[in-house]
Amino acid sequence: MPTSKTRTCGILTSGGDAPGLNAAIRGVARAAMDVYGIRVIGIENGYRGLIENRSRVLQPTEFSGILARGGTILGTSREKPFKDKNWCSGNGEPCAVGMIKETYRKLGLDCLVVLGGNGTNTTGSLLAKEGLNVIGLPKTIDNDIAETDVTFGFHTALTVATDGIDRLHSTASSHNRVMVIEVMGHKAGWLGLYSGVAGGGDVILIPEIPYRIESIAAHLEKRARDGKTFSIVIVAEGALSADEALMERKAFKKSREHMSLSIGYRVAREIEAATGIESRVTVLGYLQRGGTPVAYDRVLASQFGTAAAAMLANGDYGKMVALRDNEVVGVPLDLVAGRIKTVPAGHRMLATARDVGTCLGD
Ligand code: F6P
């Protein structure tokens, strides 16, 4: 057995669940235990489990049959310890952070492996600055983590969203309607853009490209004139109008407080008002995150997990596992923290969408 610089590690999953988390846990733990002889402690419910000291030593039997299972066997939460409002006197840090450091010490951890999205890896980077050894893994259906080409969970959500769009085609054509389908993605439009291209969407609205209803209406009316009797409109949940894009953040948030339904409903209403074409809305919601991961996510998560185990053995801490140009590498957590990977203006998929006749709302 190769020697390992890590004897005991903790592992947690944090933020919204994503398909592939269990495959990643299995990859880290199996390789850590079997290849490098590392003891692996599972922390329950994300960073909250570290604050409350809820953990268990993981046993090899726990990983049988979990590759194909959605969710996370460790549980998750959206706990943000550095945003804890309770400040402990004496050391001048949020109580939650102090408690995490205490649990890390009590459990005798040499390193903490955190599986999550932007918030999780940012917290991981801040904990590393506090002196903890941390390794991150990029998980999210949004695919919006900096420094990695792709995150696990994205391809499963993409498959679900594409299937949703495919299914809407038959009902849209039967009724000659506009079908609006809202997909996840608050800050980044990867899921909307990719599922829209895969499903042959006629209009795709993503947060990176503020929309003008006049452009959408003109496109839909032209389709109708060309004899196309129905249209499919994909709306990312973070889509916004050109007017909204000009607003200060505070004013924008305030204006959205009055919106009782999600953005897909507003877009459908605006389309009906501008074109007179009957429109319906489907919000895919959590279906995109649930259920069994597709093979791509299982494979990617397994590769990321086993790479993390090798980094544990080498003492290669303070990094997030990433895919760069088809190579699995470690990137400094510092470079990931606080950043969001949005769709860049010149991205080839935007050109692809436009070239197949899709309106991007601008
Ligand atoms: O971060 C993943 C994600 O699914 C986003 O696409 C979505 O906006 C958000 O989580 C939903 O968050 P919650 O699970 O807290 O409702």
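Since this is a predicted model, take the numbers as computed values, not measurements. As the structure lists them, so they are numbered: ligands from 1, and atoms in each ligand from 1.
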Ligand 1 versus Gln288: contacting region, heavy-atom distance under 4.0 Å: neither

Distance-only donor-acceptor check, side chains [X] and [Y], under 3.5 Å:
X      : Y      : answer
Glu182 : Ser262 : yes
Thr6   : Tyr317 : yes
Tyr211 : Glu270 : yes
Asp110 : Asn133 : no

Thr151, Val113, Thr13, Leu21 screened by side chain to side chain contact (heavy atoms under 4.5 Å, CB included) with Leu137, the one that passes: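 Between Leu137 and the candidates, side chain to side chain contact (heavy atoms under 4.5 Å, CB included) is satisfied uniquely by Val113.
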
From the candidates Thr151, Asp142, Asn143, Asn118, the one that places a heavy atom nearest atom 1 (O) of ligand 1: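 Among Thr151, Asp142, Asn143, Asn118, the closest heavy atom to atom 1 (O) of ligand 1 belongs to Asp142.
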
Option with minimal heavy-atom separation from atom 12 (O) of ligand 1, where the choices are Arg78, Met184, His186, Glu237: Arg78

Heavy atom of the protein closest to atom 4 (O) of ligand 1 (residue, atom name, distance):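 It is Arg289 NH1, 2.9 Å.
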
Shortest protein heavy-atom distance from atom 16 (O) of ligand 1, along with the residue and atom involved: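 Checking every protein heavy atom, the shortest distance to atom 16 (O) of ligand 1 gives Tyr286 OH, 2.4 Å.
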
Thr156 (side chain) donor-acceptor with Val294 (main chain) under 3.5 angstrom: yes

Atom indices of ligand 1 within 4.0 angstrom of Gly185 heavy atoms, with elements: 6 (O)

Close approach, Gly117 and ligand 1, non-hydrogen under 4.0 angstrom: no

